[in-house]
Amino acid sequence: MPTTLPIDDLLLGLTDAQRDAVTHVDGPQLVLAGPGSGKTRVVTHRIAYLLRRGIPDRAILALTFTNKAADEMKARLDRLAPGANVWISTFHRFCARLLRRYASLVGLAENFTIYDTDDSRRLLRNVLRDQNYDTDQVTPDRIGGAISGAKNRLLSPEDFAPAARSVAGAIAAKVYPEYQARLLSANAVDFDDLLFHAAVLLRDNPEVRRALDERYRYILVDEYQDTNLPQYLIVRALSNDYPNLSVTGDPDQSIYGWRGANLKNILDFEKDYPDVQVVRLERNYRSTKRILRVADHLIAHNVRRKAKSLHTENDEGRPVRLVAYPTQQEEAQEIAARIASDMRAGRRRARDFAIFYRINALSRSLEDALREHGVPFQLVNSVEFYQRMEIKDVMAYLHLVNNPRNDVALARIINTPPRGIGKKTIETLAEHARRTGTSLLAAAREAGMIESLSKRAAVAVAKFVTLFDAIGEHAHGPVEEILGHVLTQSGYEEHLAASESEEDQERLANIQELLTAARQFDEQHSGDNALEAFLEQASLVNDTDGLEAEADRVMLMTIHSAKGLEFPVVYVVALEHGILPHERSLNDAEKEEEERRLLFVAITRAREELQLSHAVYRAFRGQQRMTVPSHFLLELPREEMELVEASRWGAASYRPTISGIRRGDGDWHDVERVVRDIRRDEFEDGAGSGRLAGRASATPSATPSADVGDDEDLGDTSFPFGAAAGVEPNRPERETSPREARVAATLATLTTGAELAAGSQAAEAPVSPDAFSLGMLVRHPEYGLGKVVALSGSGIKRMATVQFVTAPGQKKFVLAKSPLRPAR
DNA sequence: ATTCGCAAAGTTTTT
DNA sequence: CTTTGCGAAT
């Protein structure tokens, strides 16, 4: 036993409910824990309690979703039970380790590679290219998304049946088998596979399942509301014979539905595990009364939830600020100025602040402003270190050394730095590899025997193989040494050093940083498979995680990464229609509720002060656009808040402002109508004048070229067309929309096979590009009526820029390909 | 084969 | 506005 402290010490200062949760030992347990209710405390104390009750540390397994959460838990447990060796890790890491051990049972070798998103994308693109799929209509990412979705539902290539009417799904069904086959032949897995393979492993190998169930007698799962099907099955498989499973979570904080998280997992927990002990932690120890009431008021608008009462004994606190800024620049500037001023006055330190946004792309103006004000800040999950080109290049050498079948890695480095091996040569090698059923590296070894390869190319490839084998000689020992060999022998370092450009010098510096990371890794990890462990770590860990956790900096992050954290002062920016709720969540009640939960999570991170803001104008794709405030703002209790309007900045004419969407104005709840009204106004008084051009309204939208997408964005935002514009009245009600027709047509061609699919274009023949002129009214089957505001190019390259009435923004069309036609 | 330049397209969220 | 991809020139 690691300690001699009496058990009572562990329970000191816990509430009754917390104590119940902590002292539960055998049998299933569900801890419903509201935000700030001391959940992590309960979990760590419970682990310590189990240990002191004599349960061996190796029998305990704690699973989390993020590395951050795992690290936090480890650190806190270490204080309670120093020296205990409890396995606390993310689901993905746990599965990786499981699969290393039982690799052969799922068709892998134990030195398999974990492809990151970028690697997976490359692989998928290759498959699409080789099978001649036309990706004009659907982006590879969408197809990848469909495959990912299948894996999250535990559907193998054979089982996968795409949703009807989904082009991405249809193509995915075609390429999923090949994609998966190539992963396996490269001895690689993607992120989804980690969970997928593990779930299948446990499902199909009863003896393995039984052994693991027996070993992990006590399992704890954090954020259970975010588990998806494979995760759910893994947990179930490991807690069947010994159902000592404790899950914690909060349905109101479920924000990973898009990744297949299933709320039912937590809502039905009591059905899955009879005789469950349910503990509710509803008292909040984190936030002020006002902040908590704002959060509570908001989340009450969700229908699909278990109501719970949040309360706190904390101070009343200051009102929550709700600010309308004229522009995003002013938003960023003023926030930076406020932070700087609080710091200067000695009221706060930089680390007291956090700024949250819905999407990463929104961080830039904030970064600029903070820099200007001399405020130190740190981005979480931005351009990740391991995603940089030079790091990926160097890492690819390591990956290939570790797993010679890693084709993506080989393709990446065979000509990096340049060694006279071109696209054509690689293509020939790939073909040979596929024909003979070997890896790229094996094909490269046989380069001399491939007839279609020129002598010069064969020699270059042979030289590369020799070089690579020389590196392979040093595959053992500390990672730092291996890395050193890679850098010198590959010529990569020399190549960069020879360059004059500042960019390349920066890359060199990054590589130095990687060397440092490798050294640190070597110091902390001893053991034979250092390289493999290092690569796995790099694949599953975010660079900034833990690296400078203690740094005194303002933290900038997405709301998703903010989950589980807390800060004295929180700013949430860009609460605008189309951003939060995100555009792609509109027209789907369930998704919209998830967006609301997202805001709930953001709000409940704040301890003392909270500011929510939106900007009336925000730059999108380079141009300023008027926005519409998020309708979630209407759902907040005004009596808890202090409203600051755009007019304070001398912008009285901006519209709409928050004061314009007072509660009680009934119809203002209908944000869609608000958006429409704005659009119509602008079209009416802007028609014919240049003003129309720059004043697109709120909602970003799909690009014209991608208009045959998933069924999820079939939504229609058409509205009665104002008489003032003098054109046609309402768009006809749609029975079968043109888009649906085209989706059906495309699907029909797909079913005839990949080869044919390549030739399938849109169903309707375009009219001659010359038929269009400036100012002409045109009709698009999807977007309806619009006006040509610009023309460029000629012949088949002739393009038109069109301002639609019913769709936001302007869209560009290649006339020869588009279904656009004159309006009459 | 490589590099450079321009045009087009693109912005959810994470492991 | 930025990044990525493709085509032309060296």
Side-chain angles (χ1 to χ4, degrees), chain A residues 63-70 89-96 114-117 120-121 125 135-136 139-141 145 148 151-152 189-196 223 226 228 230-231 254-261 356-365 380-381 383-384 386 389 415-426 454 456-457 460 536-542 545 557-563 574 578-586 591 594-595 597-598 601-602 618-624 700-706 792-793 797 799 809 811-814:
Chain A
L63 296 172
T64 66
F65 278 78
T66 63
N67 294 299
K68 215 174 241 151
S89 88
T90 63
F91 265 101
H92 290 262
R93 188 182 293 279
F94 171 76
C95 291
I114 301 169
Y115 277 1
D116 65 19
T117 319
S120 313
R121 192 182 294 138
R125 268 208 272 260
T135 48
D136 264 10
T139 64
D141 282 354
S148 172
K151 289 182 175 180
N152 286 161
V189 298
D190 62 22
F191 282 136
D192 299 316
D193 278 345
L194 287 170
L195 305 175
F196 181 94
E223 311 282 13
D226 283 330
N228 62 19
Q231 288 166 327
S254 165
I255 55 178
Y256 283 99
W258 50 275
R259 209 171 71 181
F356 303 151
Y357 33 81
R358 173 67 232 267
I359 56 178
N360 279 308
L362 290 171
S363 70
R364 182 159 233 128
S365 50
V380 176
N381 282 356
V383 184
E384 284 149 55
Y386 286 105
M389 193 208 346
N415 199 35
T416 316
R419 338 190 139 85
I421 302 171
K423 227 170 109 185
K424 187 81 201 311
T425 308
I426 298 173
S454 75
R456 205 176 66 168
E536 181 172 311
Q537 161 117 337
S539 304
L540 296 178
V541 176
N542 286 314
D545 277 356
M557 67 188 88
T558 63
I559 302 174
H560 280 91
S561 18
K563 190 158 82 154
I579 294 180
L580 187 78
H582 191 269
E583 213 247 321
R584 294 179 61 162
S585 306
L586 269 27
K591 283 184 181 168
E594 181 156 313
E595 298 285 308
R597 290 195 291 269
L598 214 38
V601 167
R618 185 170 299 278
F620 191 80
R621 284 192 196 165
Q623 49 181 262
Q624 294 283 340
S701 81
T703 55
S705 61
S792 64
K797 291 202 162 174
M799 304 207 21
K811 296 180 192 306
K812 285 192 175 178
F813 294 91
V814 178

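Every chain is numbered from 1 and lettered A, B, ... according to where its sequence line falls, protein lines coming before strand lines.
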Peer 1: Is there a side-chain contact between A:His560 and A:Leu598 (heavy atoms, below 4.5 Å)?
Peer 2: yes

Peer 1: Can you see if the side chain of A:Asn360 gets near the phosphate of B:dT14 - specifically, an N or O under 4.0 Å from OP1 or OP2?
Peer 2: yes

Peer 1: Salt-bridge test for A:Arg259 and A:Asp226: reply yes if a basic N is under 4.0 Å from a carboxylate O, no otherwise.
Peer 2: no

Peer 1: For atom P, what is the distance between B:dT11 and C:dC6, given to the nearest Å?
Peer 2: 15 Å

Peer 1: Would A:Thr90 and A:Thr66 count as a side-chain contact (heavy atoms from CB on, under 4.5 Å) if you check the C-alpha gap in whole Å, the side-chain angles of each, and the deciding distance to 0.1 Å?
Peer 2: CA-CA 6 Å; A:Thr90 63; A:Thr66 63; 5.5 Å; no

Peer 1: With the side chain counted from C-beta on, respond yes when A:Asp190 and A:Lys151 share a heavy-atom pair under 4.5 Å apart, and no when they do not.
Peer 2: yes

Peer 1: Could you say whether A:Thr425 or A:Ser539 is positioned toward the 5' end of DNA chain B, judged by the nucleotide with the nearest heavy atom to each?
Peer 2: A:Thr425

Peer 1: In this structure, how many angstroms lie between the P atom of B:dA1 and the CZ atom of A:Arg456, rounded?
Peer 2: 7 Å

Peer 1: Provide, to the nearest angstrom, the distance between the CD1 atom belonging to A:Ile359 and the P atom belonging to B:dT14.
Peer 2: 11 Å

Peer 1: What's A:Asp192 touching, base or sugar-phosphate or nothing? Going by heavy atoms closer than 4.0 Å.
Peer 2: nothing

Peer 1: With the side chain of A:Trp258 defined as its heavy atoms from C-beta on, choose the nearest nucleotide among B:dT14, B:dT2, C:dG5.
Peer 2: B:dT14

Peer 1: Is any side-chain nitrogen or oxygen of A:Asn415 closer than 4.0 Å to OP1 or OP2 of B:dT2?
Peer 2: yes

Peer 1: Measure the distance between the ring centre of A:Tyr256 and the centre of the six-membered base ring of B:dT13, then answer whether it is under 5.5 Å with planes under 30°.
Peer 2: no

Peer 1: Of the candidate nucleotides B:dT15, B:dT13, B:dT2, which contains the atom at the shortest distance from the side chain of A:Leu540?
Peer 2: B:dT15

Peer 1: Starting from P on B:dT15, measure out to CD on A:Glu223 and report it in whole angstrom.
Peer 2: 12 Å

Peer 1: Please determine whether a side-chain nitrogen of the Lys or Arg among A:Glu594 and A:Lys591 lies less than 4.0 Å from a carboxylate oxygen of the Asp or Glu.
Peer 2: no

Peer 1: Taking any heavy-atom pair under 4.0 Å as a contact, classify A:Arg419: base, sugar-phosphate, or nothing.
Peer 2: sugar-phosphate

Peer 1: Between atom OH in A:Tyr357 and atom P in B:dT13, what is the gap in whole Å?
Peer 2: 10 Å

Peer 1: What is the distance from CZ of A:Arg364 to P of C:dT2, rounded to the nearest Å?
Peer 2: 6 Å

Peer 1: Quick check on B:dT15: is either OP1 or OP2 less than 4.0 Å from any side-chain nitrogen or oxygen of A:Thr117?
Peer 2: no

Peer 1: Examine B:dT14: is either OP1 or OP2 under 4.0 Å from a nitrogen or oxygen in the side chain of A:Ser561? Give yes or no.
Peer 2: yes

Peer 1: Could you tell me the separation between the CZ atom of A:Phe191 and the P atom of B:dT14, rounded to a whole number of Å?
Peer 2: 12 Å

Peer 1: Quick one: is C:dT4 close enough that its OP1 or OP2 comes under 4.0 Å of any side-chain N or O from A:Arg121?
Peer 2: no

Peer 1: Would A:Phe65 and A:His92 count as a close aromatic pair, with their ring centres under 6.0 Å?
Peer 2: no

Peer 1: Once you round it to whole Å, what is the distance between C1' of C:dT2 and CZ of A:Phe620?
Peer 2: 12 Å

Peer 1: Closer to the 5' end of DNA chain B via nearest nucleotide, is it A:Phe65 or A:Ala619?
Peer 2: A:Ala619

Peer 1: Please pick, from B:dG10, B:dT2, B:dT14, the nucleotide with the shortest atom-to-atom distance to any side-chain atom of A:Pro418.
Peer 2: B:dT2

Peer 1: Quickly work out the A:Lys424 NZ to B:dT2 C1' distance and round it to whole Å.
Peer 2: 17 Å

